Structure formats: structure tokens, C-alpha cells
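These figures come from a predicted structure and were not determined experimentally. Letters A, B, ... are given to chains in the order of the sequence lines, protein chains preceding strands, and every chain is numbered from 1.
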Amino acid sequence: MVVTRFAPSPTGYLHIGGLRTALFSYLWARKNGGKFLLRIEDTDKARNSQEAAEAIVKAFHWLGLEHDGEITYQSQRDDIYAIYIKRLLDEGKAYRCYMSKEELDALREEQTANKERAKYDGRYREFNGTPPEGIEPVIRIKAPLSGEIVVHDGVKGDVVFKAEDILDDFVIARGDGSPTYNFVVAIDDHLMGVTEVIRGDDHLSNTPKQIVVYEALGFSVPKFYHVPMIHNHEGKKLSKRDGATDVMAYKEMGYTPQALLNFLVRLGWSNGDQEIFSMEEMMECFNPKNINRSASIYNTEKLEWLNSHYIKNTPNEELAELLEAYGLLLTSHDKKEILLDALKERAKTLKEMAQLVNEIIIAPESLDEKAVEKAFKGDAREVLENFAAKVSAADELHLPSDYHHLMEEVVKEMNIGFGKIGQPLRVALLGKMSGPGLDSVMAIIGKDETIARVKSALAQIA
RNA sequence: GGCCCCGUCGUCUAGCGGUCAGGAUCCCAGGUUUUCAUCCUGGUUACAGGAGUUCGAUUCUCCUCGGGGUCACCA
């Protein structure tokens, strides 16, 4: 069984980069009928893990990504980690190191001065004398000091590290007894049954350390996939400073979950030339072997395109529900269909769409001066008066086509081009030169409001 | 600085020894539309550089350059 996991450290919210690795992990688990687990890496007790977990779960929920089973909190697993620390100590695979912080700093400084790599010198590795007074020892693992550690990575291939280059006896438990990251990650992944670790490639250089832990404990090493970073415009790792990295901010901006997920799945991963993926297709097609090796630059142009694509292709019923989050209650609006049909091809975001709806429903406060100047030339006044009279006289006006017929009548009668009625009417109804089809607009606001807006405009330009 | 990763249009990418180097987005032009948007059609733009290997390299090897990541009693 394929078991994947997403293991964020609780920095507050779910960001784009994290979401992408979570998505990859989720898809791979679902595709294989496996499990997708969530673990909160909150060994840093100063932070509020509960809130962070809730923010992440909330974002997952919005996106429709559900994790399996209970959430694992590292902060609640000290007892478990203690067992493995003791085991390593008992087996002589780890030891207490009584070096003080000051001594360590001094050592590092000296090494740096000599242009050597800063590393622990192993002075307590074989120590069995009397420990110095007043030192709370850290616990270090006996790491191999020579030879190679090979990470068999599904994205990067086999990455070879020389032990002497990168390893030393690193700390697995602090002076206060709390375990450190590289130690608990290995234990948790093993205990949770994780078979494939899909994570950012900033973790690649951590991996040899984790492999040391796996091997010391006799655990089998999972399959790794280190996915390249997402960079900002400057080519640097994406961070909170780069604008909207909070996933929920995309909801506020009016992006649909579908668009965001589709955008992210294609960032660093591809399936031939395919650009549009439904959730089902993602689960069907996703395979980490097609993850790109190089970092990608984050750019929202395609996201916008995808968003408008999905808005266009979302059924009205569903669209009306989505729009509720933007303060638009359309579910029982009698002209909902016409309204949504008229606007879904025009909006890039749901937020924008809500705004466009209001621009139709609510009469313009004032008419744009330039538009008035341009549109109300020649016999515009007569045209509008004629049209208003026809609207007044008609009994049944419901569909856009009903209004369209009236416009056609005026055009024929007065022997003018369509633009001669379209432009002034548009300005009268919407206050500006652009917007959706006028026949739809009129069908939406209805007969009385149409007449009222035309008359009001006529009065204003008198 | 040590170690590691990466390098195809501006951006996301396809390519896996022989292609007019393909698609998407963006941008531009034309068409459709009373307008704007959508939509349709067309167009501009890329193999970082240099050595090899080979009949032939974007593809394989090495070097250079460039970018990124990581080097904690943080995660």
C-alpha cells in the first residue's frame, strides 16, 4: 500500500509551495488507493499547533483535499521518541555529549578560521569517564564518518553524499531531552507506515541524516521524491514576502479550488501537453516520475486563465453557490440563468463576477462623461425615446430576445445602424461604453427598470 | 566558502541521438461582437557557453558560466 504524508511545521497558514507537495502526495495516494496522512511538526513548543493545524485543515477542506485518519502531532509523542532514544543509547549507537555551547562555538570558530568544515569533533563519542558538572548533555547519534550515503530519489535520481563531507555525530536530543527534527521525522515516517515521501528539495540535504537514523534503528528507508522549489520573480525561494502565498488568500481573491489545484499540479509536473485537469483526471494521470527536475518561477498569468476557464465551464447552479462566499445571494433570483450566462464569460475571478453582477443590478450613480459625449450624438435622443416608448407599450418582455426584437424594430424604423441605438442605450443603462449584451441586461433588470434608466439618462443629458 | 541540485520561448512545459524544436500562457495582428470581454484564425520569441563521443547532438560525457538549496541543541 502506498502511504504518503504532508508534514508541515506550524508557521500559521498553508502556503502555495506546501500545498503543491501536499497535492502531489494526495494524488499519488489516491491514485494507488493508499493513504494520505497529515502530521504537524510542532516540536517547537512556543507555537500554537492547534491553530496552525486548524488553518491547514480548513484550507484542505476548501480545496477538497481530505487526509486519512487522525492528525499526528509531534508535540504529543515525546514518550515514543524517548523509547527510541533510549534504545539507541543502550545499543551504543548514540551517546551523551557534555560539550558546552561555548565550547561548541569555539570549535566552530576555529574550524571556520582554518577554512575547514564546521563539524562536531566526536570528543565524547567513546567517553566513559566522569561527566563534567553542571552540563545537561545532548544526545548525539554515531553517524558513519566515511563511506557514502546514497539517496535514491524518484525525481533527482541517485544522489551520492560522502559521509566525510556532510556528516558528523548530529544531535538527536537537546539538553532538555526534547528530540530534534531529523530524528523524529524518520521515526514518525516509519511508525506511520509512510512508504513514499514527497517533499520540497530543500530537504534533500537533510535526507542523508534521516537515512542514518533509519539505519541505526533498522527501519526500512521510504521512497523519496524531492520536488523542486517554486521560485519568485527574483528566482529565490518563495516566501511570505512574495505577496499571496496564503492559500486562503486565493479564495478571497475569487479563485476557484479547481483552478488553483489545476494551476499547481502543472507547476513542476506535466502529462504531455495536457493543461486542463479535473480532479478525477489528476488522480488518474498523476505520477511522481513525471515531476520536473528544475525549479519553476511562480507567475499567476496561467492561474487567471485557468480560473476564467473554470468559471466559464461551471454550471450556473454551482456558480451561484460559489458566489455566495462573495456576498451574492442569487440562488432564488428569477433571472439567475440569464445573469450568470451573461457574465460567466467575462469574469476572471468570482470576486470580479460578483462585482459585475452588482454593476448590472444596481443602477449607475452617474454616467461617464466621455461616454455620454461619444454616444449621445446626432439623433440619439430620438432613438432612445422611441425605444423607451416601445418598451412601455410591450406587454410581455422576459427574454433577451424580446428586447432584441424591440431594438431591431427601432433600427429598421429609423433606418439606422445598430450602433446608433446600442451606444446611447448602453450608456443609459450602465453608465459606460462597455459591458455585457444589452438585451441580456434589460432582461435581467426588467421592463420598469429599463424605462426608468433610459428616462433618467435622458433627463441628465438634457 | 564546503556539499548538493538545476539550466528549452518572458512564464509553465513536451522532447528522452535524426523534429521545420511541439503545446499552453502572455503579447501583437486580423475576424466575430452595437461596445468591452469571450470565442476563432494567424504571428513574434527558446535549446546558457565551450570542448569532446558520434555519420549526426537540445538529448550522452567533461569543463566553464549562471541560478538555487543546504550546512543549528530551527523545522
Side-chain angles (χ1 to χ4, degrees), chain A residues 7-11 41-44 47 74 97 99 101 104 108 112 115-120 136-140 151 153 155-157 159-162 164-168 170-182 184-185 200-209 226 228-229 231 233-237 263 266-276 290 292-306 308 312 342-348 356 371 374-375 407 411 416-427 430 432-439:
Chain A
S9 54
T11 49
E41 313 224 313
D42 56 351
T43 54
D44 188 342
R47 287 164 173 156
Q74 288 187 329
C97 169
M99 201 170 178
K101 198 93 166 95
L104 230 195
R108 286 208 180 106
T112 310
K115 297 197 170 162
E116 288 168 26
R117 178 168 82 86
K119 66 192 265 195
Y120 174 66
E136 288 293 330
V138 299
I139 295 168
R140 292 181 179 273
V151 178
D153 192 272
V155 175
K156 311 278 188 184
V159 182
V160 181
F161 295 90
K162 288 202 204 73
E164 54 179 293
D165 285 340
I166 53 151
L167 288 178
D168 62 3
F170 57 93
V171 173
I172 58 170
R174 304 181 182 93
D176 67 1
S178 62
T180 59
Y181 171 74
N182 284 123
V184 296
V185 165
D201 74 1
D202 50 342
H203 285 282
L204 184 57
S205 46
N206 275 327
T207 309
K209 288 186 180 179
H226 285 98
M229 297 282 92
H231 285 166
H233 278 286
E234 290 165 340
K236 305 274 167 67
K237 190 176 173 180
F263 171 69
R266 280 287 286 105
L267 204 58
W269 176 82
S270 60
N271 183 235
D273 283 340
Q274 188 173 355
E275 297 286 352
I276 306 290
N290 293 326
N292 211 260
R293 304 161 77 93
S294 55
S296 42
I297 291 175
Y298 178 75
N299 179 322
T300 52
E301 279 169 353
K302 216 157 191 172
L303 208 210
E304 284 183 7
W305 170 69
L306 281 164
S308 45
K312 263 174 273 186
L343 294 179
K344 66 203 290 187
E345 304 215 327
R346 314 178 65 81
K348 276 200 162 57
L356 291 175
K374 240 186 158 179
M407 289 173 78
V411 165
I416 53 175
F418 224 94
K420 290 285 183 203
I421 182 172
Q423 288 200 325
L425 185 55
R426 175 174 302 286
V427 174
L430 299 173
K432 54 181 187 169
M433 292 289 275
S434 65
L438 293 175
D439 38 16

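Each of A:K312 and A:A173 has a nearest nucleotide on RNA chain B; the 5'-most of these lies closest to A:K312. Residue order along RNA chain B, read from the 5' end via each residue's closest nucleotide, puts A:S294 first among A:S294 and A:L104.
B:A48: Watson-Crick or G-U partner is B:U64, with both key distances under 3.5 Å. When both pairing distances are held under 3.5 Å, B:G1 makes a Watson-Crick or G-U pair with B:C71. Remark: B:G30 base-pairs with B:C40; criterion is Watson-Crick or G-U wobble with both hydrogen-bond distances under 3.5 Å.
Nearest to the side-chain atoms of A:K236 among the listed nucleotides B:U25, B:A75, B:G68 stands B:G68. Set against B:U35, B:U70, B:A24, the side chain of A:E275 has B:A24 as its closest nucleotide. Minimum atom distance to the side chain of A:E301 is reached by B:U25, of the listed B:G69, B:C3, B:U25. Nearest to the side chain of A:L204, among B:C5, B:A75, B:C3, sits B:C5. Out of B:U35, B:U70, B:U34, the shortest distance to the side chain of A:K237 is found at B:U70. In the set B:U25, B:C73, B:U11, B:U25 carries the atom at the smallest distance from any side-chain atom of A:W305. Of the candidate nucleotides B:U35, B:A75, B:G10, B:G10 has the atom nearest to the side chain of A:N299.
As rounded to the nearest Å, B:G43 and B:U25 have C1' atoms that lie 15 Å from one another. Between B:C16 and B:G30, the two C1' atoms lie 39 Å apart (nearest whole Å). Taking the C1' atoms as reference points, B:U58 lies 12 Å from B:A48, given to the whole Å. B:G56 and B:U19: their P atoms are spaced 14 Å apart (whole Å). When the C1' atom is compared between B:A14 and B:G22, the two are found 6 Å apart, to the nearest whole Å. The same atom, C1', is picked in B:C26 and in B:G10; the two are 8 Å apart, to the nearest Å. Taking atom P on both B:U33 and B:A37, the two are 15 Å apart, rounded to the nearest angstrom. Rounded to the nearest Å, the gap between the C1' atom of B:C4 and that of B:U45 is 33 Å.
Across the protein-nucleic acid pair, A:K115 atom NZ and B:G1 atom C1' stand 8 Å apart, rounded to whole Å. Residue A:N292 contributes atom CG, which lies 13 Å from atom C1' of B:C5 at whole-angstrom precision. Taking atom CG of A:L356 as the reference point, atom C1' of B:A37 lies 9 Å away to the nearest angstrom. Rounded to whole angstrom, the span from the NE2 atom of A:H231 across to the P atom of B:C5 amounts to 15 Å. As a whole-Å value, the separation of A:K101 NZ from B:A72 C1' is 7 Å. Remark: C1' of B:U70 and CG of A:L167 are 13 Å apart, rounded to the nearest angstrom. The interatomic distance linking A:E164 (CD) with B:G2 (P) rounds to 15 Å, in whole Å. Whole-Å rounding puts the A:K209 NZ to B:C73 P distance at 8 Å.
In the interface, the side chain of A:N206 is paired with the base of B:A75 through a donor and an acceptor atom under 3.5 Å apart. Between the side chain of A:D273 and the base of B:G22, a donor-acceptor pair under 3.5 Å is found. On a pure distance criterion of 3.5 Å, a polar donor-acceptor pair joins the side chain of A:K302 and the base of B:C12. Side-chain to base pairing of A:E234 with B:G67: no donor and acceptor N or O lie closer than 3.5 Å to each other.
Ionic pairing of A:R117 and A:D165 is not present here: no N-O contact between side-chain nitrogen and carboxylate oxygen is shorter than 4.0 angstrom. A salt bridge links A:K302 with A:E275: at least one charged nitrogen is closer than 4.0 Å to a carboxylate oxygen.
Taking CD of A:Q423 as the reference point, atom CZ of A:F418 lies at 12.5 Å (rounded to 0.5 Å). The distance from the OG atom of A:S308 to the CG atom of A:L303 is 10.0 Å, given to the nearest 0.5 Å.
When all heavy atoms of A:L343 and A:L356 are compared, the pair lying nearest together is CD1-C, 3.8 Å.
The side chain of A:R266 contributes no N or O atom lying less than 4.0 Å from OP1 or OP2 of B:C12. In this model, the phosphate group of B:U35 is not approached by any side-chain N or O of A:K374 to a distance below 4.0 Å at OP1 or OP2. Proximity of A:S296 to the phosphate of B:U13: a side-chain N or O atom is located under 4.0 Å from OP1 or OP2. Contact annotation: A:R140 side-chain N/O to B:A72 OP1/OP2 distance is not under 4.0 Å. Dashed line: the shortest gap from a side-chain N or O of A:S270 to OP1 or OP2 of B:A14 is under 4.0 Å. Side-chain nitrogen and oxygen atoms of A:S205 include none within less than 4.0 Å of the OP1 or OP2 phosphate oxygen of B:G69.
Base contact: A:G437 has a heavy atom under 4.0 Å from a base atom.
With a 6.0 Å cutoff to the six-membered ring centre and a 45° limit on the axis angle, A:R140 does not count as a cation-pi contact of A:F170.
Using a distance-only test at 3.5 Å, with no hydrogens or angles considered, a donor-acceptor pair links the side chain of A:T180 to the main chain of A:V171.
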